[in-house]
Number of protein chains: 2
Amino acid sequence: MKKMNMKELAKELNVSIATVSKALRDSHEISGLTKKKILEMASKLNYTTNPYAGSLRNKKSKTIAVILPEVADSFFSLAINGIQSVAEKKGYHVLIYLSHEKYSNEKSIVGECNSGRVDGVLISISSETTNPDHILKLQKENIPIVFFDRNFEGLNISSVVTNDFESGYLSALHLIKNGCQNPVFLSISSSLGICNKRAEGFRSALIEKKTGRIKNPVIICSGTYQEINSQIKKLLTGKIRPDGIIASVDRLAMSVYLICRETGISIPNELKVAVFSTMETAPILNPPLTTITQPAFEIGRIATELLFKKIEKKAFSVVDENIILPSFLIERTSTAAS
Amino acid sequence: MKKMNMKELAKELNVSIATVSKALRDSHEISGLTKKKILEMASKLNYTTNPYAGSLRNKKSKTIAVILPEVADSFFSLAINGIQSVAEKKGYHVLIYLSHEKYSNEKSIVGECNSGRVDGVLISISSETTNPDHILKLQKENIPIVFFDRNFEGLNISSVVTNDFESGYLSALHLIKNGCQNPVFLSISSSLGICNKRAEGFRSALIEKKTGRIKNPVIICSGTYQEINSQIKKLLTGKIRPDGIIASVDRLAMSVYLICRETGISIPNELKVAVFSTMETAPILNPPLTTITQPAFEIGRIATELLFKKIEKKAFSVVDENIILPSFLIERTSTAAS
DNA sequence: CCTTATTACGAAACCGGTTTCGTAAATAAA
DNA sequence: TTTATTTACGAAACCGGTTTCGTAATAAGG
């Protein structure tokens, strides 16, 4: 079947293309009767308007890009839901890109966004990203950008993040209060601002409470799944063992749990564990896992609302806003006082 | 800064637009020297080609749509990864749409796809969908479609699914073998083919082994999170209680676990539980949860490869393939023999 | 009845590329 | 040297809409 278009539709009704276009957009220039006839014929002939033709003329794609490191853990799943909920209300389309935590990927994806393909960009930067030039270039081209969760510090760009320093601080206090003498923080990147802030908060609490005999209580866990496992195993079975762990992501806490099970280390008696995570299974783990839970859906939702504020008022160049949403420490058995 | 385009670029170099276009696409019609000059100037002036202009002319969007019910549980996250891995290799863009398990949403989303916006559609249907007309309409417009995971039976459309009947059958046998006399299957929809096939397999095993005193061992759990919880609570504390449960999705198993914890029902002694799920935390739950794990990433990957086969050979109209990938029953403590 | 305003529509430019086709100049074959 | 090819490029149509502007017909005002 040949694809129906406006020209065909206009020919069918003996009117001009302009009239059809206006009728379909409900212009006041077209009489009610004509509109009705055109609408009917359009539906009868299964006409659908080609979105790219309009994009070309109006320089509006009705599309946003979401760039994220991975869609593996539940945080980004929830964030995507928050993003979609707004986009869909606005009639916008959502393109998803994954950087796989690689700077090079992120750079080329961001480059792609600078072409009229999208009207705005939501981005959570990769753990490798230390140079913001690709993002600044996008900004210079006047494309609205909003960071969510993982932002790049020091740029004049809107962001929606959690209270990372404070959460790190409070989680450390929580461990200390419940009896930990040697807590450590497991990070996934030494360059990721969000991790560093959590780690800084954590460190501050240790200093303030004069706790911890380990010189550097912030440990970077990187590499493959296997490498991380063996790194954690070495940590938990080494000479100077921690008695408390704050994991910065799901995966690290899971490694800790698996290794404790394997080596017979008892949680929370020998080791207390908490994690920055939105995982739903935390309450039914063995033992139930204390989480610092980020409002993932809200982060996505609010970031997207911010983005649309910028897209819609582009001409007035909205001031950038940096919104901080609080995470919640949910205490469960894994950090219970011994 | 004004947006750079081909016309500007051509003017800058005193060549025609056609020459610029051909040079950028590395046409043999353009000499090496000219190409070099054009490439250099393009990069110097930060030229990026407008994708929609090309789409319009070539009727190729280099974009696919992925329509899914939710992105909540880990299955779809993994599937998205599989999809992206192929799309990204092909230089394609991925639009994500969520139907939120609503037929009306799915219908309007599918309608959107029929406009040249995308070159192909990957879809996992909503649990409400019983009428395939919207999908058939898309097919009639000659847009390549592939079902993944949740397909609509009886259509002449490619699909990649798991061995649902067999998995249901084997999971029931597993429960029976380990001592269950009254197993039930918790479904989320009475219309979803995938659930029904699992349930059918389950039912077959019960009949074959002459097991189960409950008339209808397939229970539809629907409604809000709260409603499902109370439904399951009633089931587990009622007069005729099951001693084994196969949950068709993550959420149902989680409900079961929470209610067992709340009511003191012991897993696996009083109740054995298994779930169709890809959740990573299954081994560290309390107790470790037996799963029937679908190859989610592979389903996404292979479905996307099938889709591209159809996109690339559209003219020859590739025969539809229905690929069945096996799930794996991973035995853990939650179904251990008592 | 004449003038002005309004209504309803069409012609054509335009968005930013791609592609076909024509052609002058350079090169190769006869 | 003449003819046939090849090379390198430009003019213009085209993709499918949107929008500006012009205009004939009708309505309103004086």
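Keep in mind that the numbers below use all heavy atoms, side chains included, and drop hydrogens, waters and symmetry copies.
The distance from atom CG of A/Asn58 to atom P of C/dA13 is 19 Å, rounded to the nearest whole Å. Put simply, NE2 on A/His28 is 12 Å from P on D/dT19, counting in whole angstrom units. As a whole-Å value, the separation of A/Ile17 CD1 from D/dC14 P is 12 Å. Separating the CZ atom of A/Arg57 from the C1' atom of D/dC15 is a distance of 15 Å, rounded to the nearest angstrom. Computed from coordinates, the A/Lys7 NZ to D/dA13 C1' distance equals 10 Å when rounded to whole Å. As a whole-Å value, the separation of B/Lys22 NZ from D/dA11 C1' is 10 Å. Between B/Asn14 atom CG and D/dA8 atom C1' the separation is 16 Å, expressed in whole Å. Atoms OH (B/Tyr47) and P (C/dG17) sit 3 Å apart, rounded to a whole Å.
Sequence order on DNA chain D of the closest nucleotides to B/Ile30 and A/Met6 puts B/Ile30 first from the 5' end. Along DNA chain D, the nucleotide nearest to B/Lys59 and the one nearest to B/Gly32 differ in position, and the one closer to the 5' end is contacted by B/Gly32. When each of A/Leu56 and B/Ala18 is assigned the nucleotide of DNA chain C bearing its nearest heavy atom, the one mapping closer to the 5' terminus is A/Leu56.
Among the atoms of the strands shown, only primed sugar atoms or phosphate atoms (P, OP1, OP2) are found under 4.0 Å from some heavy atom of A/Val15. The residue A/Ser55 sits apart from the nucleic acid: no heavy atom pair falls under 4.0 Å. Among the heavy atoms of the strands lying under 4.0 Å from B/Thr49 are primed sugar atoms or P, OP1, OP2 only; no base atom is included. When heavy atoms are screened at a 4.0 angstrom cut-off, B/Ser31 is found touching the sugar-phosphate backbone but no base atom. B/Thr48 comes within contact range of the sugar-phosphate backbone alone, with a heavy-atom separation under 4.0 Å but no base atom that close. Across all strands shown, B/Ser115 has no heavy atoms under 4.0 Å from either base or sugar-phosphate atoms.
Tested against A/Ser158 for a side-chain hydrogen bond (donor to acceptor under 3.5 Å, both in side chains), the candidates A/Asp320, A/Asn151, A/Asn322 yield a single pass: A/Asp320.
At a threshold of 4.5 Å between non-hydrogen side-chain atoms, the residues B/Val161 and B/Asp149 do not count as touching.
The shortest distance between the side-chain N/O atoms of B/Arg25 and the OP1/OP2 oxygens of C/dT19 is below 4.0 Å. Proximity of B/Ser21 to the phosphate of C/dT18: a side-chain N or O atom is located under 4.0 Å from OP1 or OP2.
The side chain to side chain contact (heavy atoms under 4.5 Å, CB included) check on A/Glu128 picks up A/Lys102, A/Tyr103, A/Ser126, with sequence neighbours excluded.
A side-chain donor from one of B/Asn46 and A/Lys137 sits under 3.5 Å from a side-chain acceptor of the other. Residues A/Thr304 and A/Lys90 have side chains that never bring a donor and an acceptor to within less than 3.5 angstrom of each other.
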